[in-house]
Each structure stands twice: as C-alpha cells, then as structure tokens.
Amino acid sequence: MSDIIAAIATGRAPCAIGILRLSGPGCAALTGRVFTPKQPFADAPDRRLVLGLLHDRQGRVIDECLGVVCRAPHSYTGEETVELQCHGSPAMLAAGLESLLAAGARQAGPGEFTRRAFLNGKLDLTQAEAVVDLIDAETADAAANAAGQLGGALKRAIEPVYDGLTDLCSHFHAVLDYPDEDIEDFGAAELSGALDRAGAALQELLATYEKGRHLRQGVRAVLLGKPNAGKSSLLNRLAGYDRVIVTDIAGTTRDTVEEPVRVGRVLLRLTDTAGIREAGDAIEALGVARSEQAAREAELALFVCDASQPLTDEDRRAIEAAKCAPRSLALCNKSDLPAAVSPDELPFDTVLTVSARTGAGLDALPALLEGWFLGENACDGSLLTNPRQFGALDRASRAIERAKTGLSLGVTPDAVLTDVEEAMAALGEVTGRTVREDITNRIFERFCVGK
Ligand code: GDP
C-alpha cells in the first residue's frame with residue numbers, strides 16, 4: 001500500500017491561486033487535521049469543493065480556501081487524492097505543506113503523482129510522457145498534439161499493431177509445437193501479410209517524427225549575414241521585443257544569442273551570430289567560428305543582407321555558410337531604403353524583400369515556414385514527437401523487417417518468432433507494458449514536483 005504524498009502543485013511566484021496536492025489512502029482524513037471546513041473533511045462529498053480554513057503547524061489560520069477529495073479509483077492517480085485551492089502566496093503554500101507533512105504526509109518526488117497514475121493503470125507511458133509535453137508546450141499546436149496523446153492517440157495507434165503481433169506469435173508457437181508440419185500449413189502468405197501490415201503501420205507513425213520533433217522542440221535556425229545587415233533588428237522584430245542590442249557600429253553582436261521565436265505556428269530556436277567576416281580581434285574571431293558552427297548545426301539558415309548596399313565578399317561568405325544548412329532562404333533587408341541589391345542576384349530559391357525597421361515583407365514568413373516544417377498535419381496526437389518513443393518504434397520496425405526477410409528466405413519459424421517477439425518488446429517499451437524500471441525512473445525524473 002502506498003503512503004500519503006504531498007506537494008505544492010503550482011509555481012513559485014505569487015499568483016491568484018496556489019494548489020496543494022495529496023495522494024494516498026487516507027489523505028482526506030490527514031488533510032482534515034489542518035484544513036477545517038464546517039463538516040469534517042474526511043466525510044466531504046466526493047469531487048465537490050468545500051470551503052474551509054487552512055492552519056499552519058502552530059494551529060494559526062493562514063488561509064481560507066477550497067478543498068476537494070477524489071476517492072479511489074476515480075482520481076488522477078487512481079488513489080484517494082486531495083487538492084487544496086489556496087491563495088497563491090508561496091510563503092503560505094510552504095507553511096501549508098509543512099503543516100501537512102507534520103500531520104504525516106511525505107514530500108512527493110518529481111512526477112510521483114503521475115508515476116502512481118501509471119502504476120495504477122490510469123495512464124500508459126505515452127500518456128504519462130504527454131503530461132510533461134503538455135506542461136512544456138511552447139505553441140498551441142504542440143499543446144494540442146500533447147493533449148491528443150494524453151487522450152491516448154498514440155496508444156490507440158500502437159495497440160492494434162501489438163495485438164496483431166500477439167496473434168502472429170501464437171501462430172508461430174503452433175508451428176513450433178508441431179515441428180513435423182510445414183510452415184506453409186500455417187499460411188505463410190497470411191503470416192507475411194500480417195507482418196506487412198504491422199510494418200506499414202509503424203512506418204506511417206515513424207514518418208511523422210520529423211514534423212513532430214519540430215512541433216515539440218522547435219526548429220534550429222540561424223541568422224547569417226555581415227555586420228549591420230540587420231540580423232539583430234530582425235530577431236528583435238520576430239521576437240516582438242528588444243532581445244539584442246542594436247547599434248550601427250559593426251560587430252556589436254559579439255557572441256551567439258539563442259532566442260525562441262514563434263513565426264506563425266512554427267517555433268524557431270533562432271540564433272543570432274557575430275557575422276561572418278574577417279576577424280578583427282580575438283573575441284570576434286571566436287564569434288565568427290561560432291557562427292559557422294551554428295550554420296552547420298542548424299536546420300534552417302536565414303541569410304540577411306543590407307539591400308541598400310551592393311553585395312560584398314563578406315555577404316558572399318555568409319551566403320556560403322547559409323548554404324551549409326539543409327534549408328535556407330534570403331532576407332533582403334532594409335527595403336525602406338533605395339535598393340542596391342536585386343533579389344535575382346541572390347543564389348537562393350526563396351528570397352523575401354523585407355524591412356526589419358517597418359516589418360514590411362515579413363508577413364510572408366509564417367506560411368512559408370509552416371509549409372516547410374509542419375505541413376498539413378493535424379496536431380491531434382498522431383504526430384510522434386518523443387525521441388525515446390521514436391527509438392523504440394524504430395527498433396520494432398527493424399525487427400519486423402528482419403522477420404519479413406526471414407520468412408521470405410524460409411528460415412526456421414523459431415528465428416522468425418524471435419524477431420517478432422523483439423518487435424513486441426520494443427512496442428511494449430513505448431506504452432510501458434514491458435518497460436524496465438530504470439527507464440521509467442528516467443522518464444519521471446523529468447517531471448516537476450507536484451505533477
Ligand atoms: P546586425 O549587425 O546584422 O545585427 O545589424 P543590426 O540589427 O544591429 O542593425 C544595424 C543597423 O541597421 C542598425 O542601425 C539598425 O537600426 C539598422 N537597420 C536594421 N534593419 C533596418 C531596416 O530594415 N531598415 C533600416 N533603414 N535600417 C535598419
């Protein structure tokens with residue numbers, strides 16, 4: 001039987017509401033020692049808010065707040081749980097928690113509530129991981145996809161494949177139990193058809209990962225161009241506030257600066273660089289090396305030029321660096337000034353004429369980047385976003401491919417069975433059916449305390 005855990009579930013800054021949370025058999029009675037509504041809290045009606053007074057360890061009233069009991073099994077963790085909705089003073093919440101701990105609760109570890117939900121079968125591992133993704137979501141699309149996964153979208157995609165492989169295994173066991181029969185007697189065509197279906201379903205899921213990764217982690221992007229082209233001004237304009245100092249003294253941006261910037265539905269992890277140029281001094285030389293490195297590591301390079309001046313060798317070096325990234329485009333900046341560069345001069349498929357000063361031309365960027373990095377996919381939980389899940393599904397897919405090859409080459413049924421079982425084990429790791437404890441530990445360590 002599990003003990004009673006307690007935690008502050010809300011942030012550390014003062015805010016309107018702060019929540020104390022408990023889980024474990026008997027937590028309503030324990031809470032009733034420090035939270036006193038008119039009726040004893042242990043007898044409070046299930047899932048109904050009641051108003052009461054919260055006391056600190058010394059018995060002083062520290063808040064008037066609402067409490068709710070959710071009794072097992074109809075709660076987040078599957079156990080009896082309590083939430084106290086208090087005023088959001090961090091000091092008061094800390095005193096309230098201390099009071100609950102003194103009454104016999106134990107401080108919850110990171111993700112311990114969700115771990116209990118997982119162990120009690122309320123969530124599978126894809127849903128538990130979706131909880132963190134939902135908390136960490138930086139765009140509405142990322143939240144929508146995580147909410148879909150929390151609703152079981154991924155689990156529903158994987159389970160039919162797992163069930164199909166279970167059927168296959170029983171066929172193979174039958175083959176192994178009757179060694180004198182030929183595998184043909186068990187319908188080799190049918191078996192390979194089932195493997196094909198499982199493999200295709202996994203391939204379909206794996207193919208969503210690139211977009212899913214962009215959704216969850218954002219797109220690594222870099223601004224490249226000679227000093228004073230307007231990179232920092234563009235970053236500030238896209239970020240919506242002055243993230244970087246802008247001056248007309250060349251070389252002001254000495255180091256690389258990374259900023260998450262939302263462009264339409266796309267989250268760019270945008271790096272501003274010191275500019276590709278002949279290094280004037282040691283610090284700047286370091287900055288230049290970093291910008292070249294950033295270009296090599298980026299998924300998208302945005303080349304920026306000052307289109308009011310003819311192109312120079314410095315611009316050409318920046319163009320070369322930008323071309324190292326898998327995707328690149330050119331921003332002909334300072335369109336509010338008379339043009340000295342024509343877009344045709346720039347060796348990029350996509351050239352936008354823009355002004356960081358006025359914002360002109362930048363409205364074309366969202367649709368362009370959404371098309372490149374997110375596509376038309378519905379963000380309903382069907383996108384695979386998590387590297388751990390991708391790795392395990394990829395292993396499952398490879399094992400199925402081996403089983404298919406084995407079957408077509410006529411290897412012994414037990415060899416094919418080994419591959420199918422390996423695929424099942426990998427799928428089980430994704431949903432948590434067969435996952436090792438050290439892996440679940442690592443997953444729940446990423447959670448915040450109180451979740
Ligand atoms: P960086 O060195 O490439 O980061 O360039 P900055 O963003 O620091 O800009 C250099 C200078 O160009 C600053 O004085 C900016 O105000 C100016 N600037 C940037 N964008 C524009 C623009 O679109 N139009 C005009 N007229 N000036 C700009």
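For the single chain, residues carry numbers from 1 onward in sequence order. Computation of the quantities below employed the complete heavy-atom set of this structure, encompassing side-chain atoms and omitting hydrogens, waters and symmetry-equivalent molecules. First listed ligand is number 1; within each ligand, the first listed atom is number 1.
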Any idea which atoms of ligand 1 are less than 4.0 Å away from a heavy-atom of [X]?
X	result
Gly230	1 (P), 3 (O), 5 (O), 6 (P), 7 (O), 9 (O), 19 (C)
Leu337	26 (N)
Lys231	1 (P), 2 (O), 3 (O), 4 (O), 5 (O), 7 (O)
Pro227	2 (O)
Ser232	1 (P), 4 (O), 7 (O)
Asp336	22 (C), 23 (O), 24 (N), 25 (C), 26 (N)
Ser233	6 (P), 7 (O), 9 (O), 15 (C), 19 (C), 20 (N)

query = In Å, rounded to the nearest 0.5 Å, how long is the span from NZ of Lys122 to OG1 of Thr77?
reply = 8.0 Å

Quick one: side chains of residues 60-67, donor-acceptor pairs under 3.5 Å with protein atoms, not counting sequence neighbours, listed by atom name and distance.
unit_1, atom_1, unit_2, atom_2, d
Arg60, NE, Asp56, OD2, 2.9
Arg60, NH2, Asp56, OD2, 2.9
Asp63, OD1, His87, ND1, 2.6
Asp63, OD2, His87, N, 2.8
Asp63, OD2, His87, ND1, 3.4

note = At under 4.0 Å between heavy atoms, what of Ala356 touches ligand 1? The answer is both

inquiry  = Between Ser382 and Asp380, is there a side-chain donor-acceptor contact under 3.5 Å, judged purely by atom types and distance?
reply    = yes

inquiry  = We want to know whether Ser397 and Gln203 form a side-chain donor-acceptor pair, criterion being a heavy-atom distance below 3.5 angstrom.
reply    = yes

task = Would you check the N or O atoms of Ala229, main chain and side chain alike, for any that come under 3.5 Å of an N or O of ligand 1?
result = yes

N or O contact, Asn228 vs ligand 1, cut-off under 3.5 Å = yes

ask   = Nearest to atom 20 (N) of ligand 1 by heavy atom, Leu224, Asn333, Val354: which?
value = Asn333

key: Identified salt bridge (charged side-chain N to carboxylate O under 4.0 Å, His left out) partner of Glu138 from the options Arg262, Arg269, Arg265   = Arg269

ask   = Among Glu79, Glu83, Glu112, which one satisfies salt bridge (charged side-chain N to carboxylate O under 4.0 Å, His left out) with Arg21?
value = Glu83

ask   = Does Lys451 count as lying over the ring of Phe444, i.e. NZ or CZ under 6.0 Å from the six-ring centre, within 45 degrees of the axis?
value = no

Which donor-acceptor pairs under 3.5 Å do the side chains of residues 349-356 make with protein atoms, sequence neighbours left out?
unit_1, atom_1, unit_2, atom_2, d
Ser355, OG, Asp336, OD1, 2.9
Ser355, OG, Arg357, N, 3.2
Ser355, OG, Thr358, N, 3.0
Ser355, OG, Thr358, OG1, 3.2

